[in-house]
Q: 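Structure provided below as structure tokens; questions to follow.
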Amino acid sequence: MTAMLVLDILLVLSLLSLATAALATNDARRSVILFMAFGLVLALAWGRLLAPDVALAEAAIGAGLSGALLLTAVRDQAHRALRSSRKPVHERGRANLRVTLEWTVTLLCIALAGLLAWALAQAFDRAPKDTLAQAVSANLAISGVSNPVTAVLLNFRAYDTLLELAVLLTAALGIFALGPARPGHRAAGPVFDGLARWLVPALILTAGYLLWVGAHAPGGAFQAGATLAAAAVVLRLAGRRSVGLPTGHTLHVAMVAGVSMFLAVGLGLLVLGRPFLGYPPAWAGGLILLIETAAMLAIAATLVLAFFGGRPTPAPGVAEKTS
Amino acid sequence: MIEVMASLLTVSGVGFYLAGSIGLLRLPDLYSRLHALTKADNLGLGLLIAGLALHTQDLLIALKLVLIWLAVLAASAASAHLIAQHARRRETQS
Amino acid sequence: MPELLAVSALGLMLSLFLGLLRVLRGPVAGDRLLAMQLIGSTGVGLLLLLSLLLDQTALIDVALVLALLAAVAAAAFTGQELETRDD
Amino acid sequence: MVPGILARTAILALLWWIITQGEVGAWLIGLPAVVLAAMASVSFGGAALSRVSLLGLPGFVALFLRESVRGELDVARRTLAPTLRIQPGFKNHRLQLNDPSARIFLTNCISLLPGTLAARLDGDHVEIHLLDASADPEPDLRRLEQAIARLFDLSLETNDA
């Protein structure tokens with residue numbers, strides 16, 4: 001299989017050159033597009049490494065959604081730069097401070113990377129080989145799902161995922177602190193409308209599929225949430241102010257849905273005399289699906305909030321129908 | 001026989017992809033390069049998917065592959081148009 | 001014919017690599033973005049080939065997600081211009 | 001309106017069935033997903049989708065495939081020749097299709113067919129970029145428009161004023 005070897009070399013070369021180019025440029029927009037290309041090739045690399053779960057997450061978030069988020073952020077930054085350039089600033093002091101700050105951050109990053117590499121090396125040295133993977137496959141039958149990745153994320157190490165959802169919730173609160181959301185987009189042209197017309201339903205269906213398929217094949221709440229969020233982003237780009245994202249209390253409910261469903265299930269099990277998040281094998285499948293559905297909604301809501309760039313406000317004056 | 005057909009389709013699909021990428025590098029301006037994009041998606045992916053569908057010999061998988069092809073087609077037609085329109089607007093403004 | 005599939009996959013990877021040169025070279029953002037679109041659909045083709053070659057049906061789903069999200073980037077890129085003209 | 005909604009729901013259900021490879025258990029998620037997707041689809045208003053005539057479909061598909069292969073071979077010859085044999089340029093084309101969604105469909109088809117690219121759609125005019133502007137694209141475009149008119153069961157505007 002020399003063909004595959006050459007393919008692998010080309011993949012690695014592409015990743016390295018894209019990463020270097022994305023970091024080396026001063027132009028933020030160029031950097032973002034290179035980063036998106038990097039995410040795309042990275043998804044292929046994960047696929048080649050027989051890790052379709054990661055490939056799916058990278059394709060949904062790395063290549064698609066974060067590109068849209070970053071492109072919007074770059075535009076916003078350009079606006080702000082234009083505005084602030086009109087005000088007089090103490091140029092020299094600022095520049096000195098900036099250089100010092102950049103170097104400090106760079107050194108810190110290098111130190112942190114070194115520390116992580118050292119810790120990883122230690123872990124690899126000491127950990128007995130493959131016992132974790134064996135433990136997962138030995139207990140897969142009682143996990144309620146047949147996809148080992150979902151079994152780990154939602155059952156064996158459900159605490160981790162609960163805390164991840166809490167991190168996302170914190171991020172959403174941080175976005176709220178940025179103030180009101182951006183005003184939105186002007187109505188796009190007819191061709192984009194024609195695209196959104198089929199793309200939005202297709203993305204919704206795909207999100208549902210990824211949620212369901214996560215139980216026995218690559219997929220799950222994170223990939224599904226990102227895909228659902230992409231549907232909302234397309235609606236926003238098509239000129240819809242409200243994109244199906246609720247406002248007020250309903251939005252708050254959606255944001256905490258993942259964490260609260262997790263906690264409700266965990267506490268319910270405690271009441272029934274089981275350990276926290278220790279599902280009875282017979283119910284495990286259903287409970288996991290329930291938690292994943294709530295988690296998908298929370299993840300999608302958080303990602304859409306990130307695209308909004310602030311707290312969504314009800315449309316002024318004309319009440320708009322939500323879709 | 002089917003195997004040979006499938007392989008032939010797959011290889012010619014890859015050929016059109018390569019032609020598209022070479023076009024992307026050789027063509028002189030943005031609009032001409034956009035031609036290379038939609039062409040590779042249309043015939044390149046189309047033939048590749050026809051070949052793969054013959055390879056798998058599973059109707060449901062074949063249908064799913066065709067869906068993916070249609071999605072790529074519609075997406076690339078729309079994005080090619082959006083990019084061209086975007087560039088055209090800037091040209092006429094300045 | 002796994003050999004032939006592997007060679008086809010290599011051909012697609014080569015095509016993707018050529019497309020990357022255009023992403024790196026530009027010169028304008030539109031050029032990079034259209035090259036992104038091309039390597040996106042090359043990636044879809046490559047994933048489908050690999051799904052057969054490596055016997056991983058899940059890669060078809062990755063290709064599906066990639067195909068659907070490819071257009072979102074182009075929309076975000078051109079959509080931004082619409083709002084910039086606003087203010 | 002009601003038949004339109006039903007048609008869309010049926011198509012989305014078919015899509016779900018294909019994506020999930022016909023698995024029965026998936027309908028637990030599939031039902032709400034299809035309903036949600038149908039609601040999103042309806043929020044875009046009426047589409048030409050419900051008017052697609054099955055009689056016009058084979059003709060359109062045949063024309064599209066034939067033109068794709070013919071055009072692609074031509075474009076490949078031009079771009080792979082030792083010296084590029086292209087002469088890019090813009091031309092305007094006046095649309096005879098009246099229906100807005102059929103116009104969008106035509107615009108997308110023009111972009112997909114090798115050698116032509118729809119750069120701007122403005123009312124009933126579409127600005128087309130050609131790789132070889134010395135050739136006259138009109139006859140091909142007319143045939144494409146006719147096939148799309150038959151596909152959506154529409155009549156063409158005939159006055160050429």
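Please read these numbers as outputs of a predicted model, since none were measured by experiment. Chain A is the first sequence line, chain B the second, and so forth, proteins listed ahead of strands; every chain is numbered from 1.
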Q: Would you check if the side chain of A:Thr20 reaches a backbone N or O of A:Leu16 as a donor-acceptor pair within less than 3.5 Å?
A: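 Checked: pair present.
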Q: Looking at C:Leu47, C:Leu54, C:Leu12, C:Val7, which has the largest count of heavy-atom pairs under 4.5 Å with chain A?
A: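 Max contact count across the listed options: C:Leu54.
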Q: Any donor-acceptor pair under 3.5 Å linking the side chain of A:Gln223 with the backbone of A:Asp53?
A: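 Indeed, once roles are kept as given, a pair shorter than 3.5 Å links the two residues.
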Q: Relative to chain C, which segment of A:Leu210 carries a heavy atom at a distance below 4.5 Å: side chain, backbone, both, or neither?
A: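 The answer is the side chain of A:Leu210.
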Q: Please classify the contact between A:Val41 and chain C as side chain, backbone, both or neither, with a heavy-atom cut-off of under 4.5 Å.
A: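 The answer is the side chain of A:Val41.
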Q: Does anything in residues 39-61 of chain C pair up under side chain to side chain donor-acceptor pair (under 3.5 Å), and if so which pairs, sequence neighbours excluded?
A: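 Only A:Tyr209-C:Asp61, B:Asp41-C:Ser41, B:Lys64-C:Asp61 qualify under side chain to side chain donor-acceptor pair (under 3.5 Å).
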Q: Do A:Thr293 side-chain atoms and A:Leu289 backbone N/O form a donor-acceptor pair below 3.5 Å?
A: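 Confirmed, A:Thr293 side chain pairs with A:Leu289 backbone.
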Q: In terms of heavy-atom proximity below 4.5 Å to chain C, should A:Ile33 be classed as side chain, backbone, both, or neither?
A: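 A:Ile33 touches chain C through backbone and side-chain heavy atoms alike.
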Q: Could you look at C:Val72 and say if it's the side chain, the backbone, both or neither that has a heavy atom under 4.5 Å from chain A?
A: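 Both backbone and side chain.
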Q: Given a strict heavy-atom distance threshold of 4.5 Å, which part of C:Ile39 is in contact with chain A: side chain, backbone, both, or neither?
A: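 Interface part for C:Ile39: both.
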Q: For A:Ser14, is it the side chain, the backbone, both, or neither that has a heavy atom closer than 4.5 Å to a heavy atom of chain C?
A: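 Both backbone and side chain.
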Q: Under the 3.5 angstrom rule, does the side chain of A:Thr227 hit a backbone N or O of A:Leu203 as a donor-acceptor pair?
A: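 Pair absent, no side-chain N/O of A:Thr227 close to backbone of A:Leu203.
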Q: Give the member of A:Ala60, A:Ala21, A:Ala196 that has the highest number of heavy-atom pairs under 4.5 Å with chain C.
A: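 With the most close heavy-atom pairs to chain C, the winner is A:Ala60.
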Q: Could you look at C:Leu20 and say if it's the side chain, the backbone, both or neither that has a heavy atom under 4.5 Å from chain A?
A: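 It is the side chain, since no backbone atom gets that close.
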Q: With a 4.5 Å limit on heavy-atom distance, are the side chains of A:Arg48 and A:Leu11 in contact?
A: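 SC-SC contact between A:Arg48 and A:Leu11 confirmed.
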Q: Sort A:Leu195 into side chain, backbone, both or neither according to what part of it lies under 4.5 angstrom from a heavy atom of chain C.
A: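 Contact with chain C is through the side chain of A:Leu195 alone.
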Q: With A:Arg236 as the cation and A:Phe308 as the aromatic partner, state whether NZ or CZ is under 6.0 Å from the six-membered ring centre and within 45° of the axis.
A: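 Judged by the rule (NZ or CZ under 6.0 Å from the ring centre, within 45° of its axis), A:Arg236 counts as positioned above A:Phe308.
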Q: Output the option from A:Val213, A:Val234, A:Thr25, A:Leu18 having the highest count of non-hydrogen pairs under 4.5 Å with chain C.
A: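 Most pairs with chain C among the choices: A:Leu18.
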Q: Could you give the distance from CG (A:Leu40) to CE (A:Met36), rounded to the nearest 0.5 Å?
A: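 It comes to 8.5 Å.
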Q: What part of A:Leu10 is in contact with chain C, defined as an atom under 4.5 angstrom from a non-hydrogen atom: side chain, backbone, both or neither?
A: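 It is both, since atoms from each part get that close.
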